[in-house]
*Asks:* 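Quick one: the structure is below, questions incoming.
Each chain gets a letter, A, B and so on, in the order its sequence line appears, and its residues count up from 1.
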Protein chains: 2
Amino acid sequence: MKAAKRKQLEASGWKVGSAAEFLELTDEEAAYIELKLNLAKRLKEARTKRRLTQKDLAVRIDSSQSRVAKMETGDPSVSLDLLIKSLLALGVSNNDIGKAITNNNSKAA
Amino acid sequence: MKAAKRKQLEASGWKVGSAAEFLELTDEEAAYIELKLNLAKRLKEARTKRRLTQKDLAVRIDSSQSRVAKMETGDPSVSLDLLIKSLLALGVSNNDIGKAITNNNSKAA
DNA sequence: TAAGAATATGTCAAATTCGACATATGCGCA
DNA sequence: TGCGCATATGTCGAATTTGACATATTCTTA
C-alpha cells in the first residue's frame with residue numbers, strides 16, 4: 001500500500017497504531033475503506049453544492065452535526081447504511097451512488 | 001408504485017402491513033430498498049457462480065447460514081455494511097459493486 | 001413419493017452503531 | 001487579536017444489527 005493512501009486514510013479518521021499494523025490491512029479491508037471514503041466525499045460534495053451546513057443536513061436526517069462530521073471524514077463508527085441514507089436524503093440517486101463507488105481515483109480496481 | 005414492485009419487495013422479506021401503509025413509502029425509502037435488493041441479487045449471483053452454499057459463505061465471513069439467507073432476500077434486519085463486506089469477501093470489486101447499484105432494471109433513476 | 005440437502009424465517013442476548021452532548025479546532029473578518 | 005460560525009473529536013446510554021440456534025420450507029434426485 002502506498003504512503004499516499006495511508007495518509008488519506010489517517011486523515012480520514014482511521015486510527016493506525018503502527019506501520020506494521022497498518023500494512024496488515026487485507027485487500028478486502030482496504031477496498032471497504034476506499035468505498036466508504038468515496039461515499040463520504042460524495043456526501044460532502046452534495047451537501048456543500050446545496051449550500052447546507054452539517055447542522056442543516058443533520059436536522060433533515062434527524063441526526064446530529066457531530067455524526068454528519070463523522071460521516072464526511074469516513075469515521076469507522078459510521079455505517080454505510082447511514083452514509084447512503086444521507087445521500088438519498090439529499091436527493092442523490094442510486095445511479096449516482098453507484099457511480100460514486102465506481103469512480104475510483106486510484107489506478108486499479 | 002407498481003404492483004409488480006410491491007410483489008418484489010414482499011417476496012424479498014419486506015413485510016407490508018397494508019396497501020395503504022405500503023404506498024406511504026417515500027421515494028427515498030423506495031430507492032434504499034431497491035439499492036439493497038440490487039446488492040442482494042448480486043451477492044446470490046456471486047455465491048452461486050462460485051458454487052458455494054450459504055453455509056460455505058457463512059463460514060468464510062464468520063457468520064451463519066441464516067444471516068446469509070437474510071442477506072440474499074434483502075431482509076430489513078441486514079445492513080448494507082454486511083452485504084457489501086460479504087461481496088468483498090467473495091472477491092467482488094468496488095467497481096462491480098458500483099455497477100450492481102447502478103444497473104437498475106427499473107425504467108427511471 | 002420419500003429423504004436429504006439447501007434455503008428461509010423467527011427469536012434472542014451480545015456486539016455495534018446511533019443521536020446527543022461537551023468541547024476542541026479551524027477559519028474568516030472586524 | 002478576538003469573536004462568531006462551521007467542522008472535528010471524544011464519550012455515553014439507547015437503539016439497532018449481529019451470530020447463533022431452532023425450526024420451517026423448498027429443492028433435488030433417487
*Asks:* Would you compute the distance between atom CD of B:Glu34 and atom CG of B:Leu39 and round it to the nearest 0.5 angstrom?
*Replies:*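 B:Glu34 CD to B:Leu39 CG: 11.5 Å, rounded to 0.5 Å.
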*Asks:* Return the value, rounded to whole Å, for the distance between atom CG of B:Asp75 and atom P of C:dA8.
*Replies:* 11 Å
*Asks:* Taking only N/O atoms, report every protein-nucleotides 25-30 of chain C pair under 3.5 Å with atom names and distance.
*Replies:*
none

*Asks:* To the closest 0.5 Å, what do you measure between CD1 (B:Ile101) and CG (B:Asp96)?
*Replies:*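 It is 11.5 Å, given to the nearest 0.5 Å.
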*Asks:* Do A:Leu57 and A:Met71 touch side chain to side chain, with heavy atoms closer than 4.5 Å?
*Replies:* no
*Asks:* Could you work out, with side-chain hydrogen bond (donor to acceptor under 3.5 Å, both in side chains) as the rule, every residue matching A:Asp27, not counting sequence neighbours?
*Replies:*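 With neighbours one apart ignored, the set is empty.
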*Asks:* Please round to the nearest 0.5 Å and tell me the distance separating atom CD of A:Glu45 and atom CG of A:Leu90.
*Replies:* 12.0 Å
*Asks:* I'd like to know whether A:Arg67 forms a side chain to side chain contact (heavy atoms under 4.5 Å, CB included) with A:Ile61, so could you lay out the CA-CA distance, the side-chain angles of the two residues, the decisive distance to 0.1 Å, and finally the verdict.
*Replies:* CA-CA 11 Å; A:Arg67 195 135 291 276; A:Ile61 62 176; over 6 Å; no
*Asks:* Please name the residue in the list B:Asn38, B:Leu87, B:Ile84 that meets the side-chain contact (heavy atoms from CB on, under 4.5 Å) test with B:Leu43.
*Replies:* B:Leu87
*Asks:* Nearest-Å distance, CD (A:Gln65) to C1' (D:dT9)?
*Replies:*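 Going from A:Gln65 (CD) to D:dT9 (C1'), I get 10 Å.
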*Asks:* Can a side-chain donor-acceptor contact be found between B:Asp75 and B:Ser77 if the only test is distance below 3.5 angstrom?
*Replies:* yes
*Asks:* Can you tell me how far C1' of D:dA6 sits from CD of A:Glu72, to the nearest Å?
*Replies:* 11 Å
*Asks:* Which residues satisfy the side chain to side chain contact (heavy atoms under 4.5 Å, CB included) test with B:Ala58, sequence neighbours excluded?
*Replies:* B:Val68
*Asks:* Keeping the roles fixed (side chain from B:Arg50, backbone from B:Ala46), state whether a donor-acceptor pair exists under 3.5 Å.
*Replies:* yes
*Asks:* I need the B:Ser64 OG to B:Gln54 CD distance, nearest 0.5 Å.
*Replies:*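 Interatomic distance, B:Ser64 OG to B:Gln54 CD, rounded to 0.5 Å: 10.0 Å.
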*Asks:* Side-chain contact, heavy-atom cut-off 4.5 Å: A:Arg42 with A:Ile97?
*Replies:*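 No - every pair of side-chain heavy atoms lies 4.5 Å or more apart.
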*Asks:* Could you check A:Lys41 against A:Lys44 for side chain to side chain contact (heavy atoms under 4.5 Å, CB included), going step by step and ending with a plain yes or no?
*Replies:* CA-CA 5 Å; A:Lys41 185 179 167 193; A:Lys44 186 162 196 166; over 6 Å; no
*Asks:* Counting only non-hydrogen atoms, which of residues 45-57 of chain A are less than 4.0 Å from DNA chain D?
*Replies:* A:Arg47, A:Thr53, A:Gln54
*Asks:* Encode nucleotides 11-19 of chain C as B, S and - characters from 5' to 3', where the letter depends on protein heavy atoms closer than 4.0 Å: B to the base, S only to sugar-phosphate, - to neither.
*Replies:* B-----SBB
*Asks:* Considering the terminal five base pairs at each end of the helix from C:dT1-D:dA30 to C:dA30-D:dT1, what angle separates the two local helix axes, rounded to 10°?
*Replies:*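 Axis-to-axis angle, ends of the helix: 50°.
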